[in-house]
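Please read all numbers here as calculations on a predicted model, not as lab measurements. Throughout, a chain's letter reflects where its sequence line sits, starting with A, and its residues are numbered from 1.
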There are 2 protein chains.
Amino acid sequence: MVETTADSDLLDLRKGRPAAGQDPVKRAQIIEGARRVFIDKGFEAASMNDITREAGVSKGTIYVYFANKEELFEALIEEERGTIFKNMYEVLDHFDDLRKTLVKFGTVLSAKITSAKVIQAQRTVVGASDRIPELGARFYERGPKRGHDKVMVFLNEAVERGLLKIDDVDLAAYQFTELCLAGLFRQCIFSYRTKAPSQAEIEHVVRSGVNVFLKAYGTEKLAAEERASESA
Amino acid sequence: MVETTADSDLLDLRKGRPAAGQDPVKRAQIIEGARRVFIDKGFEAASMNDITREAGVSKGTIYVYFANKEELFEALIEEERGTIFKNMYEVLDHFDDLRKTLVKFGTVLSAKITSAKVIQAQRTVVGASDRIPELGARFYERGPKRGHDKVMVFLNEAVERGLLKIDDVDLAAYQFTELCLAGLFRQCIFSYRTKAPSQAEIEHVVRSGVNVFLKAYGTEKLAAEERASESA
DNA sequence: AATATTTCGAACCAAGCGGTTCGATTTGCA
DNA sequence: TGCAAATCGAACCGCTTGGTTCGAAATATT
């Protein structure tokens with residue numbers, strides 16, 4: 001063809017209709033299908049035909065919304081990350097009783113991260129980040145990392161109030177998180193545990209973890225306050 | 001064919017030759033090729049042709065040694081696990097100075113688990129355990145789990161010596177391990193860290209972790225001993 | 001040198017892959 | 001109702017997959 005018709009250029013001139021690949025409902029439908037397939041099979045084993053089937057959307061349409069398999073996967077992970085870490089840190093927002101707050105937050109954190117659904121999602125991300133490292137990095141940065149920052153802010157406030165004495169708050173925040181998980185995460189992600197830990201077990205782990213943490217970092221002022229409220 | 005010759009049945013009657021698929025050198029050669037491909041690409045993305053190429057062994061021969069892709073992968077992981085966790089716990093065998101021993105062991109543990117090679121292997125296992133849960137479970141059970149048991153034995157001895165006071169030794173062992181990793185494992189496995197942590201960083205983390213651990217579980221006797229050896 | 005057996009390597013299989021194309025069909029606004 | 005746009009769905013592309021087969025070549029023991 002020597003001359004191209006102007007048609008392709010005119011495609012951008014639209015009426016009030018949603019542009020191609022812009023319908024949020026269709027998009028959500030595709031991602032929902034992708035979720036089932038990707039989470040179930042992992043990135044490599046999942047096929048676009050599977051997703052087509054699962055989403056109930058034609059292959060052509062999927063390629064209107066997403067350039068390729070990788071882009072679709074990334075969009076899914078981004079969404080998963082959003083829902084996983086949503087509403088997880090608000091318990092840290094109002095500073096009440098230090099120990100109670102730590103236990104409450106630790107319980108939520110530990111339960112969330114070790115839940116079957118979330119573990120499966122994380123497994124998928126880990127598996128994929130072998131070939132797409134940026135994906136894993138982005139997931140961590142916008143997920144766990146943000147949580148870590150929230151914990152740091154909280155710990156800093158506790159330090160300022162003289163309840164904790166911490167040299168390296170950054171490190172202490174990691175220690176707190178890991179104490180709340182205490183091996184559960186690793187057991188789950190390696191499928192050594194096939195079921196998520198029970199609420200009772202999580203509370204046991206977290207309570208002990210907070211104990212360790214406060215014994216290491218709690219000040220005399222904290223101890224005094226706890227004695228006071230205990231005798232009350 | 002109506003009649004089968006007896007040839008196939010006579011195959012078992014061998015002379016002094018190594019039986020088919022029994023040469024340990026060839027086997028090692030195949031696994032070495034498989035390692036490069038599987039670790040690099042993950043289970044799904046790796047192809048038997050890649051392994052054929054990388055191992056310098058014909059496809060037919062590989063199928064003499066291993067029934068299929070999955071069995072080859074499992075053999076590889078089993079070997080990897082063996083080399084990873086070998087010679088890791090002997091520092092716990094002779095009970096010397098408690099703090100020093102914990103720091104030394106923690107450093108070895110943390111360095112090993114977060115090393116680039118081992119992280120990549122673990123990522124591969126995690127990715128695969130989505131589809132082959134038994135594989136991840138077996139890896140954990142014969143790797144990290146055994147280490148955990150060694151730590152428990154060590155901690156129990158410290159308790160008996162009156163240096164530590166621990167209610168739940170099982171949980172405490174997990175706490176110790178996690179304190180030594182303090183987020184490093186999660187950062188590495190999600191590719192948030194692309195390089196393994198430096199020796200200095202690991203030592204900093206471990207020293208702090210041991211500090212926390214001993215503040216929580218150390219007895220007065222331990223404190224007295226440490227004061228004594230410090231003033232000496 | 002003769003012999004038994006392992007290994008090689010190429011060919012073959014049906015199946016599925018990601019990706020793309022395009023005319024038919026459905027959809028929904030004017 | 002008319003019409004433009006979004007969606008559908010099937011077909012097609014070249015390529016790779018895991019797995020298998022088999023005669024030729026290499027190998028070592030007798």
Identify, with sequence neighbours excluded, every residue that meets ring-ring contact (aromatic ring centres under 6.0 Å, His included) alongside [X].
| X | answer |
| --- | --- |
| Phe190(B) | Phe139(A) |
| Phe38(B) | Phe43(B), Phe73(B) |
| Tyr63(A) | none |
| Phe176(B) | Phe213(B) |

Does [N] have OP1 or OP2 sitting under 4.0 Å from an N or O in the side chain of [X]?
| X | N | value |
| --- | --- | --- |
| Ser58(A) | dC8(D) | yes |
| Lys26(A) | dA5(D) | no |
| Tyr65(A) | dT7(D) | yes |

May I have the distance from Phe66(B) (atom CZ) to dT20(D) (atom P), rounded to whole angstrom? 15 Å
Separation of atom CZ in Arg131(B) from atom C1' in dG18(D), rounded to whole Å: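 So the two atoms are 12 Å apart, to the nearest Å.
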Quick one: side chain to side chain donor-acceptor pair (under 3.5 Å) partners of Glu79(A), sequence neighbours excluded?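 Scan of Glu79(A) (side chain to side chain donor-acceptor pair (under 3.5 Å), adjacent residues dropped) gives Arg35(A).
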Contact letters for nucleotides 14-21 of chain C, in which S counts primed atoms plus P, OP1 and OP2 and B counts the base, heavy atoms under 4.0 Å: ---SBBB-
Name the pairs: protein N/O against N/O of nucleotides 23-25 of chain D, kept only if under 3.5 Å.
none

Tell me every residue that passes side-chain contact (heavy atoms from CB on, under 4.5 Å) with Arg142(B), counting only those two or more places apart in sequence or in another chain. Glu78(B), Arg81(B), Arg138(B), Arg146(B)
Who passes salt bridge (Lys or Arg N to Asp or Glu O under 4.0 Å) against Arg207(B), sequence neighbours left out? Glu203(B)
With side chain to side chain donor-acceptor pair (under 3.5 Å) as the criterion, how do Glu71(A) and Tyr65(A) come out once you've worked through the C-alpha distance, each side chain's angles and the decisive distance to 0.1 Å? CA-CA 10 Å; Glu71(A) 201 169 283; Tyr65(A) 280 79; over 6 Å; no
